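Labels below follow one simple rule: chain letters A, B, ... track the order of the sequence lines, proteins then strands, and each chain is numbered from 1. Note that this is a predicted model, so its numbers are computed, not measured.
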Amino acid sequence: DTAVSQTPKYLVTQMGNDKSIKCEQNLGHDTMYWYKQDSKKFLKIMFSYNNKELIINETVPNRFSPKSPDKAHLNLHINSLELGDSAVYFCASSQDRGAGGGHEQFFGPGTRLTVL
Amino acid sequence: AQKVTQAQTEISVVEKEDVTLDCVYETRDTTYYLFWYKQPPSGELVFLIRRNSFDEQNEISGRYSWNFQKSTSSFNFTITASQVVDSAVYFCALLEPYDKVIFGPGTSLSVIP
């Protein structure tokens, strides 16, 4: 059973297009995240949701919009894609951070986005 | 401000050698959590260990061991008798309560047969 799944695994698209990445976790976790990993392997958080509520919103262009229909799903929609958006995007989840967090995160397999 | 430094960008060792990956962190909090993750060539991120700031006991798991020293703000990771399957990028990470995880830049380990 896959704990955190993402679709698609690969996404190749033209500049200016709009695309979405879907994420689902079956771990019963309350908190989900989106991370961006650039070509130098730097991992940076983009967003975090706790029980469908946005709790972390880093300095990310507003072309990126996360949506959490329920606590098991966190999707990422990207408008007007740019060359610099090419990266690997990871979804992750962890147990409730309401008590101060500290729990490890479990990551999805990643979505490699290539913008041409 | 939180910061994680992994000074070794790339390390190469010959199989069966021991190797230590360094991690130095900065935090203002007395309560915090430290993690190590492994990213093999296949790309997934695998959780290895979690430590909270009140538990300075070293940990051993098979060929892996971790040395946590608050006095030097370090959380180093040693692989004993390295194997080719250990080749990966290893990330150290820091979390302050109610805040976001900060990842270090990663250390790329190559184990040569």
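- Between B:Leu94 and B:Thr27 there is a side-chain heavy-atom pair separated by less than 4.5 Å.
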Pair A:Thr114-A:Leu11, side chain to side chain contact (heavy atoms under 4.5 Å, CB included): steps then yes or no: CA-CA 6 Å; A:Thr114 303; A:Leu11 193 48; over 6 Å; no
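- The aromatic rings of B:Tyr32 and B:Phe68 sit perpendicular, their planes meeting at an angle over 60°, well past the 30° parallel limit.
- At a 4.5 Å heavy-atom cutoff, the contact between A:Leu43 and chain B is made by backbone and side-chain atoms alike.
- For A:Gln105, the parts sitting under 4.5 Å from any heavy atom of chain B are the backbone and the side chain alike.
- Most heavy-atom pairs under 4.5 Å with chain B, from the set A:Glu104, A:Arg112, A:Gln37: that is A:Glu104.
- A:Phe106 and A:His29 have tilted rings, their planes meeting at an angle from 30° to 60° on a 0 to 90° scale.
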